[in-house]
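All remarks here apply to the structure that follows.
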Amino acid sequence: MPATAAKDRVLDALNEPQLEAATHGDGPLLIIAGAGSGKTTTLVHRVAQLIDAGVAPQRILLLTFTRRSAADMLSRAQRVLPKNRNSGRVWAGTFHGTGARLLRMYGEAIGLNPRFTIHDRGDSEDLMRSLVVELKLNKDDKKFPKKGTLMAIHSFSVNAGRTLNQVLKSNFSGHAARQGPLKKLFTAYERRKQQLAVFDYDDLLVRWCELLEHDEVGSRIRERFDHVLVDEYQDTNPLQSRLLKLLRPDGRGLTVVGDDAQSIYSFRAATVRNILDFPKQFPKARVVKLEQNYRSTEPLLAASNQVIAAAREQYKKKLWSDRREGSRPQLITCHDEDEQSEFIVGRILDHKKAGIPLREQAVLFRASHHSISLETELARHNIPFVKYGGLKFVEAAHVKDLMSFLRLAENPRDVVAGTRVLTLLPGIGPKKASQLMEMLAVPDADFQLWAATKPPAKAKQLWPGFLIMMQELMEQGGNMPGQIERVLEFYQPLLAEQYDNPDRRLADLEQLQQIAAKFDERTEMLSDLTIDPPTSESELPGAAKDRDHLVLSTMHSAKGLEWQAVYVLHASEGMIPQERSFDDVDAVKEERRMFYVALTRAANWLYVCHAQVHFQRSGYGGWNRWDDDGFRELTRFLSPGAQQCFDRQTASQFVPPDSLVTSQSKSRSPRKSTRKKRKSRPVRQG
DNA sequence: CTGTTGAAATTTTTT
DNA sequence: ATTTCAACAG
């Protein structure tokens, strides 16, 4: 490689394996990157190095797990690059987002309607449900799976590239007897989506594959890119693997990065086989391992290493850190959930006092509702927080309503959007809505077709205005806030009547209007908000950016992130691993990896809490469903060996770790402390 | 057919 | 809490 000054700048500060990965040529490359080993840094430098070496940015495709991480990586690459090089034109985004983009560009060439609309999971479930009713599949089968399960089965089958029969046997054995009706349903579902010009999430990958399999279009796309880099490769599924193989048949220019120990998305058909078999699939692949952890102190790493040691699949790695100093992780036994919440709030305030801002602290949990008690406690103490995971802004009923108006204008054949909108009108129910939507199932349909129909008496008043609005929207391009304003004029009275809390909901819609201002085109806005919706309040406009927020997150959504202080909630049997995975060996393995992911998010302080008495609660409800006494054992993932890496304490007699007392504001590593040996406190057992 | 009410059953993670 | 179904009134 040429030893230019620019080159040095792009590559300095990398360790040896990182450097090797960043400067590797264009043969297939697998980077096994342990937790906190500078995976992102390496990927960023590789991208920068490629650009610096003269690869045109638009000929690089960077596939990441979220849009946010794509944006982060590009801006980091820009910071590394000399001024005259620009990373802005790199194709960066999620698999699904990139699929949508390519399908808009090339879809017509293989006979797809380029104005397709995209269904989110809820929309897909609605369509599935309407087909169940249409085909009368639940008439004399009261236990027929619900829409959510139906989509899960179908989606898994598509993403895993396995037949319905196989999927039923392996993952949904309870419904194995329903193979016939399910097959019929899914065939109808596929056909219906085609007729309606709607894509579900899976279609964005499936159709992308079809683009690549097309002789002419496929070559054009392949020739577009010199390099394809994939982040979080351990969480890709067989369909995505097939996609990559089609994109880079001989593996040239293909780089994948991941950690088999952090694979936690098997419910989406992700499989560690992809990363484990990469060298088999591309025999010339170079494998580089990153084993030095820069994130966590040695005492924290020792604990997480213990947890994962019992589970390593392949790619043995020895993660090590030279951040010797720091307090041991704390394993805290709480009597019940309330004590756990109080304890965590106390520690959060301690850390804040010691100079760790809230945004550098995170509470992690297995399931979204595990944090409800804590959220109440945080509110009582006026501690601001943002929550990742759980219900999203765009999934709120009123936001979906408004988006459906726009989606119907975009694609009048979109029955799901149409039905949603039409049934908002008084006097129109599913039956009438479906009749009306059938009228639009013709080429070049517009809303004039409805002018001749007589609306039900109750809808008479609204009907003419509704038609005019829809027609205008359909013919209008751009000015997204204006389009939303137009819908609001019509929708606001309906909203006030239909929902409680109309004022708050209206405020949400005004927020949506602000989001919309960032988009030039409706197509773009609808696609983007469906594929990459804002994941927390902090990503919405109007959020006080400078306000310091604590982070609450599911373990899934915490992937790839790090904080100075991390609190893990409910480290007990039944919570993690969650009870439903008990009799599935592979599921329990995945729960372990999830726990490992949670522990390895911490840089300096780690508190793992477990409540001894806790009644499992169902969803958001408040009633106990279990007949047991509520007693919870510590999670099996903290074996006696792992426990020795922790200081064990009870919440009621807690003594803070020394490092916190001496730590300084903004310092990343805790001050060297004159640590006194402190005996772990005995904890009541049984 | 629409819209409401009540009863019974459910149980995670997310592009 | 939410989803689904059935029964019933208008």
Side-chain angles (χ1 to χ4, degrees), chain A residues 63-69 93-100 118-122 124-126 129 132-133 138-139 141-149 151-152 155-156 158-159 199-205 232 235-237 239-240 263-270 364-370 372 388-392 394-395 397 422-423 425-435 456-459 498 527-533 535 553-559 570 574-581 587 590-591 593-594 597-598 616-626:
Chain A
L63 294 166
T64 59
F65 210 70
T66 61
R67 190 221 306 275
R68 217 186 87 205
S69 88
T94 61
F95 273 89
H96 293 84
T98 306
I118 302 171
H119 280 182
D120 68 16
R121 189 52 170 262
S124 306
E125 290 175 0
D126 288 347
R129 166 81 196 157
V132 170
V133 175
N138 58 347
K139 262 289 176 261
D141 180 357
K142 295 298 158 212
K143 290 263 176 82
F144 196 74
K146 299 208 274 194
K147 57 182 185 178
T149 312
M151 269 313 293
S155 181
F156 193 94
V158 170
N159 282 289
F199 285 16
D200 63 18
Y201 284 139
D202 304 331
D203 286 325
L204 297 173
L205 306 182
E232 308 283 8
D235 283 321
T236 56
N237 59 43
L239 179 56
Q240 289 165 315
S263 167
I264 55 175
Y265 275 84
S266 71
F267 69 95
R268 244 162 65 177
L364 307 183
F365 34 85
R366 172 67 182 86
S368 191
H369 65 264
H370 287 177
I372 290 177
Y388 297 130
L391 241 200
K392 282 188 212 111
V394 291
E395 281 161 7
L422 287 167
T423 50
L425 305 181
I428 299 186
K431 210 77 190 183
K432 186 74 186 167
S434 139
Q435 281 170 23
K458 281 190 217 158
Q498 199 113 43
S527 298
D528 271 31
L529 286 184
T530 310
I531 300 170
D532 263 309
T535 46
S553 174
T554 59
M555 294 178 182
H556 279 95
S557 295
K559 191 169 75 153
H570 286 303
M575 307 294 274
I576 178 143
Q578 57 175 327
E579 181 162 294
R580 61 186 328 209
S581 65
E590 177 152 315
E591 299 276 316
R593 293 192 295 267
M594 213 173 314
V597 167
Q616 180 90 326
R617 285 193 285 212
S618 146
Y620 296 88
W623 37 271
N624 300 327
R625 205 182 55 80
W626 304 95

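Lettering of chains follows the sequences in order, A, B, ..., and the numbering in each one begins at 1.
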Using a cutoff of under 3.5 Å, can you pull out all pairs of nitrogen or oxygen atoms linking the protein to nucleotides 7-9 of chain C, with atom names and distances?
none

Review point. Considering residues at least two apart in sequence or located in another chain, which fulfil the side chain to side chain donor-acceptor pair (under 3.5 Å) criterion with D532(A)?
Key: none

Review point. Given atom CG of N237(A) and atom C1' of dT15(B), what is their separation to the nearest angstrom?
Key: 10 Å

Review point. F156(A) CZ to dT12(B) P: how many Å, rounded?
Key: 17 Å

Review point. What does Y265(A) touch in the nucleic acid at a heavy-atom separation under 4.0 angstrom: a base, only the sugar-phosphate, or nothing?
Key: sugar-phosphate

Point to revise | R121(A) side chain, from C-beta outward: closest of dT14(B), dT12(B), dT15(B) | key: dT15(B)

Which protein N or O atoms sit under 3.5 Å from an N or O of nucleotides 3-7 of chain B?
residue, atom, partner, partner atom, Å
dG3(B), OP1, G427(A), N, 2.5
dG3(B), OP2, I428(A), O, 3.3

Point to revise | Value in whole Å for how far the P atom of dT14(B) lies from CG of D200(A) | key: 19 Å

Review point. For K432(A), what residues pass the salt bridge (Lys or Arg N to Asp or Glu O under 4.0 Å) criterion, not counting sequence neighbours?
Key: none

Review point. Of all the nucleotides listed (dT15(B), dT13(B), dT2(B)), which has the minimum atom distance to the side chain of F267(A)?
Key: dT13(B)

Revision key, fill the gap. Across all chains, not counting sequence neighbours, the salt bridge (Lys or Arg N to Asp or Glu O under 4.0 Å) partners of R67(A) are D528(A)

Review point. Roughly how many Å is it from CG in L364(A) to C1' in dT13(B), rounded to a whole number?
Key: 14 Å

Practice item. Apply salt bridge (Lys or Arg N to Asp or Glu O under 4.0 Å) to E232(A) and list each qualifying residue two or more places apart in sequence or on a separate chain. Key: K39(A), K559(A)

**Study point:** Residues T94(A), F65(A); criterion side-chain contact (heavy atoms from CB on, under 4.5 Å); working and verdict
**Key:** CA-CA 5 Å; T94(A) 61; F65(A) 210 70; over 6 Å; no

Point to revise | Residues in salt bridge (Lys or Arg N to Asp or Glu O under 4.0 Å) contact with R121(A), at least two apart in sequence or another chain | key: E125(A)

Revision key, fill the gap. In whole angstroms, the gap separating P of dT14(B) from CG of D235(A) amounts to 12 Å

Review point. Residues two or more places apart in sequence or in another chain: which of them pass side chain to side chain contact (heavy atoms under 4.5 Å, CB included) with N159(A)?
Key: S155(A), D202(A), L205(A), N237(A), L239(A), A269(A)

Revision key, fill the gap. In terms of heavy-atom contacts, S581(A) and E591(A) come closest through OG-CG, 3.7 Å

Review point. To the nearest angstrom, how far is E232(A) atom CD from dT14(B) atom P?
Key: 14 Å

Exercise for review: Using heavy atoms to find the nearest nucleotide of DNA chain B for I531(A) and A433(A) separately, return the residue whose nucleotide is more 5′.
Suggested key: A433(A)

Point to revise | side chain to side chain contact (heavy atoms under 4.5 Å, CB included) partners for K139(A), two or more places apart | key: K136(A)

Check your understanding: Rounded to whole angstrom units, what separation is found between the CZ atom of R366(A) and the P atom of dT12(B)?
Key -> 10 Å

Could you list all N or O pairs between the protein and nucleotides 3-5 of chain C that sit under 3.5 Å apart?
residue, atom, partner, partner atom, Å
dC5(C), OP1, N138(A), ND2, 2.5
dC5(C), OP2, R129(A), NH1, 3.2
dC5(C), OP2, R129(A), NH2, 2.1

Exercise for review: Using whole Å, report how far CD of E579(A) lies from P of dT13(B).
Suggested key: 16 Å

Exercise for review: With the side chain counted from C-beta on, respond yes when I531(A) and L204(A) share a heavy-atom pair under 4.5 Å apart, and no when they do not.
Suggested key: yes

**Study point:** Residue list, side chain to side chain donor-acceptor pair (under 3.5 Å) with S124(A), at least two apart or on another chain
**Key:** none

Check your understanding: So does T66(A) get a side-chain nitrogen or oxygen closer than 4.0 Å to the phosphate oxygens (OP1/OP2) of dT15(B)?
Key -> no

Review point. Among all residues two or more places apart in sequence or in another chain, which pass the side chain to side chain donor-acceptor pair (under 3.5 Å) test with D200(A)?
Key: Y189(A), K193(A)

**Study point:** Earlier contact from the 5' end, DNA chain B, for F65(A) and T149(A)
**Key:** T149(A)

